[in-house]
Amino acid sequence: MGRELEYAKCIAVLRKIFRMGLISEAEYTIARNKIMNKYLVVETSQSAA
């Protein structure tokens with residue numbers, strides 16, 4: 001469970017930085033993809049039903 005919490009914290013901090021306007025959307029996407037690769041997360045498409 002430790003790795004899941006680490007991943008969640010990293011994404012939360014990244015989103016906070018993005019919301020504060022300190023990084024662009026392109027930088028956010030690059031950083032998010034690197035974090036996802038580091039923690040072996042597979043992106044799934046979320047469809048609104």
Side-chain angles (χ1 to χ4, degrees):
M1 179 102 159
R3 288 189 56 83
E4 292 92 349
L5 290 175
E6 267 184 63
Y7 170 74
K9 283 195 279 186
C10 287
I11 291 297
V13 170
L14 179 63
R15 287 182 181 163
K16 175 79 173 180
I17 292 170
F18 177 66
R19 283 193 311 264
M20 292 173 66
L22 300 176
I23 59 174
S24 68
E25 187 171 349
E27 292 169 322
Y28 167 78
T29 301
I30 291 169
R32 185 179 61 112
N33 288 336
K34 284 184 181 183
I35 291 170
M36 289 175 70
N37 286 339
K38 178 180 178 183
Y39 290 97
L40 305 174
V41 175
V42 178
E43 185 173 3
T44 59
S45 62
Q46 298 176 347
S47 60

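Nothing fancy with the numbering, it's 1 onward along the sequence.
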- [ ] Share the residues that join Met20 in a hydrophobic cluster, the rule being Ile, Leu, Val, Met, Phe, Trp or Tyr side chains under 4.5 Å apart at the heavy-atom level.
- [x] Tyr7, Ile11, Val13, Leu14, Ile17, Phe18, Leu22, Ile23, Tyr28, Ile35, Met36, Tyr39, Val41
Open item on the list: Checking one residue: Val42. Which other hydrophobic residues are in its cluster under the side-chain 4.5 Å linking rule?
Closed with: none
- [ ] Kindly state each residue pair satisfying salt bridge (Lys or Arg N to Asp or Glu O under 4.0 Å) with at least one member in residues 17-38, sequence neighbours excluded.
- [x] Arg32-Glu43
